[in-house]
Participant: 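Below: one structure in structure tokens.
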Amino acid sequence: MDRTELYRVSTQILENIINDEKNDNNILFDMDIWDWSQGVALYGIWKYYRLTGERRYLEYLTQWFDTKLNRPIVHNINTMAPLLTLCFLYEETGREEYRDYCESCAEWLLDGLPKTEMGGFQHVTIDSDNNQQLWADTVFMAVLFMGKIASITGDERYAGECKKQFMLHIHYLSDSSSVPLSIPGWALAHAGGPGRFLS
């Protein structure tokens, strides 16, 4: 695919997201929800805005967050995914309410999120606590956000937690014959039994 075609396809995908063109009522594509798939889409829109400078994408992002931050948001690993983009929006706009919300969520990750026995971010989702489980996608959902908010605030607790989580996830989710984070998940040992890979 050449650059022109890539631009055309990328623009069409973003327009479908922005215009809220749902695909068979699949919630993964429903931008009225605050969850992991929306977080991935928002980050893509942010990167596209930075690449093209087209202000309408920045306006979409700020409008999306402004409408969602007034609603209750259930905290879990997946609902941390939109926060990476919100950190970048704070840097772009200087809006303190964006930073304040990000910091409150970083504090929740430190003090409210259940951790595995070795201190890893347990992959708690809306429908399961995934007890003692580390998942590779947690790195995107929460750890990148933790690193970004650390760079914004200079808070060493956030920076230290980001490093710790990267190291734990790489340790448990890598195979010596593969690339880091190539294993989708790990369940820690229970009642003296061995840990196991999740697929």
Side-chain angles (χ1 to χ4, degrees), residues 10 13-14 17 23 26-31 33-48 50 73-89 102-152 155-191 193-199:
S10 299
I13 290 169
L14 291 182
I17 292 169
N23 182 0
N26 186 334
I27 66 167
L28 294 176
F29 299 106
D30 185 349
M31 292 305 287
I33 298 170
W34 179 297
D35 206 6
W36 73 266
S37 59
Q38 292 73 28
V40 172
L42 293 166
Y43 186 67
I45 294 168
W46 167 254
K47 295 297 282 184
Y48 196 75
R50 294 296 294 161
I73 299 165
V74 176
H75 286 352
N76 63 56
I77 282 294
N78 288 344
T79 58
M80 297 295 107
L83 299 175
L84 179 60
T85 301
L86 190 57
C87 283
F88 285 109
L89 280 181
C102 288
E103 287 189 66
S104 72
C105 290
E107 292 297 326
W108 177 80
L109 283 168
L110 290 178
D111 301 326
L113 175 69
K115 309 293 189 300
T116 63
E117 290 173 6
M118 86 293 279
F121 285 171
Q122 186 170 298
H123 196 84
V124 176
T125 63
I126 197 164
D127 57 358
S128 177
D129 68 358
N130 294 308
N131 189 41
Q132 295 300 309
Q133 292 182 15
L134 294 176
W135 290 21
D137 57 331
T138 297
V139 174
F140 180 83
M141 305 305 171
V143 181
L144 292 178
F145 156 66
M146 187 63 86
K148 184 63 181 169
I149 195 65
S151 74
I152 289 170
D155 191 317
E156 289 299 322
R157 297 173 307 137
Y158 301 160
E161 191 66 31
C162 177
K163 292 173 194 171
K164 172 183 167 184
Q165 295 302 323
F166 265 116
M167 297 308 294
L168 283 170
H169 282 76
I170 288 169
H171 175 76
Y172 283 94
L173 302 178
S174 300
D175 181 319
S176 61
S177 63
S178 66
V179 296
L181 300 176
S182 59
I183 297 166
W186 177 261
L188 272 65
H190 295 284
R196 62 184 167 80
F197 292 118
L198 302 172
S199 56

Participant: Compute whether any side-chain donor of one residue and acceptor of the other, for Ser37 and Asp35, lie under 3.5 angstrom apart.
Facilitator: no
Participant: Heavy atoms, side chains only, cut-off 4.5 Å: are Gln122 and Asn131 in contact?
Facilitator: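 Of all side-chain heavy-atom pairs linking Asn131 with Gln122, at least one is under 4.5 Å.
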Participant: Please give me the minimum heavy-atom distance between Cys105 and His75, naming the atom from each residue.
Facilitator: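 Closest approach of Cys105 to His75, heavy atoms only: SG-CE1, 3.7 Å.
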Participant: Which distance, rounded to the nearest 0.5 Å, do you find between the CG of Leu86 and the CD1 of Ile149?
Facilitator: 8.5 Å
Participant: Spell out, as yes or no, whether a donor-acceptor pair under 3.5 Å connects the side chain of Trp34 to the backbone of Thr79.
Facilitator: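 Looks like yes, one N/O pair under 3.5 Å.
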Participant: Provide the closest heavy-atom pair for Cys87 versus Cys102 in the form atom of the first, atom of the second, distance.
Facilitator: SG-SG, 3.8 Å
Participant: Indicate every side-chain donor-acceptor pair of residues 139-146 with a distance under 3.5 Å to a residue at least two apart or in another chain.
Facilitator:
none

Participant: Distance from Leu109 atom CG to Ser104 atom OG, nearest 0.5 Å?
Facilitator: 10.0 Å
Participant: CG of Leu134 to CG of Leu168: how many Å apart, nearest 0.5 Å?
Facilitator: 7.0 Å
Participant: Other residues, nucleotides and ligands only: do more than 12 of their heavy atoms fall within 6.0 Å of CD1 on Ile73?
Facilitator: yes
Participant: Do the side chains of Tyr158 and Leu110 get nearer than 4.5 Å, heavy atoms only?
Facilitator: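 When only atoms from C-beta onward are counted, Tyr158 and Leu110 do touch, with a gap below 4.5 Å.
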Participant: I need the Tyr48 OH to Ile17 CD1 distance, nearest 0.5 Å.
Facilitator: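 Spacing of OH (Tyr48) from CD1 (Ile17) equals 11.5 Å.
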Participant: So, for Ala159 and Ala150, which heavy atoms are closest and what is the spacing to 0.1 Å?
Facilitator: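 That closest heavy-atom pairing would be N-CB, 3.4 Å.
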Participant: Where do Arg157 and Glu107 land on the side chain to side chain contact (heavy atoms under 4.5 Å, CB included) test, with the steps shown first?
Facilitator: CA-CA 10 Å; Arg157 297 173 307 137; Glu107 292 297 326; 2.4 Å; yes
Participant: So, do Pro114 and Asp129 sit near enough that their side-chain heavy atoms are less than 4.5 Å apart?
Facilitator: no
Participant: Less than 4.5 Å apart, side chain to side chain, heavy atoms only: is that true for Ile77 and Leu113?
Facilitator: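 The answer is yes, as the side chains (C-beta and beyond) meet within the 4.5 Å cut-off.
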Participant: Which residues pass the salt bridge (charged side-chain N to carboxylate O under 4.0 Å, His left out) test with Arg50, not counting sequence neighbours?
Facilitator: Glu92
Participant: Can you name the closest pair of heavy atoms from Trp135 and His169 and give their distance?
Facilitator: O-CD2, 3.4 Å
Participant: Can you tell me how far CG of Leu42 sits from CG of Leu83, rounded to the nearest 0.5 angstrom?
Facilitator: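 CG of Leu42 is found 10.0 Å from CG of Leu83.
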Participant: OG/Ser128 to NE2/His123 distance, rounded to the nearest 0.5 angstrom?
Facilitator: 9.0 Å
Participant: State whether the side chain of Thr85 and the backbone N or O of Tyr43 hold a donor-acceptor pair below 3.5 Å, judged by distance alone.
Facilitator: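 Yes; judged by distance alone, with no hydrogens or angles, the pair exists.
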Participant: Does any non-hydrogen side-chain atom of Asp137 lie less than 4.5 Å from one of Trp36?
Facilitator: no
Participant: Sequence neighbours excluded, which residues qualify as salt bridge (charged side-chain N to carboxylate O under 4.0 Å, His left out) partners of Glu161?
Facilitator: none
Participant: Does Thr138 reach the side chain of Gln165, with side-chain heavy atoms less than 4.5 Å apart?
Facilitator: no
Participant: State whether the side chain of Gln132 and the backbone N or O of Glu117 hold a donor-acceptor pair below 3.5 Å, judged by distance alone.
Facilitator: yes
Participant: Report yes if the side chains of Asn78 and Ile126 come closer than 4.5 Å at any heavy-atom pair, otherwise no.
Facilitator: no
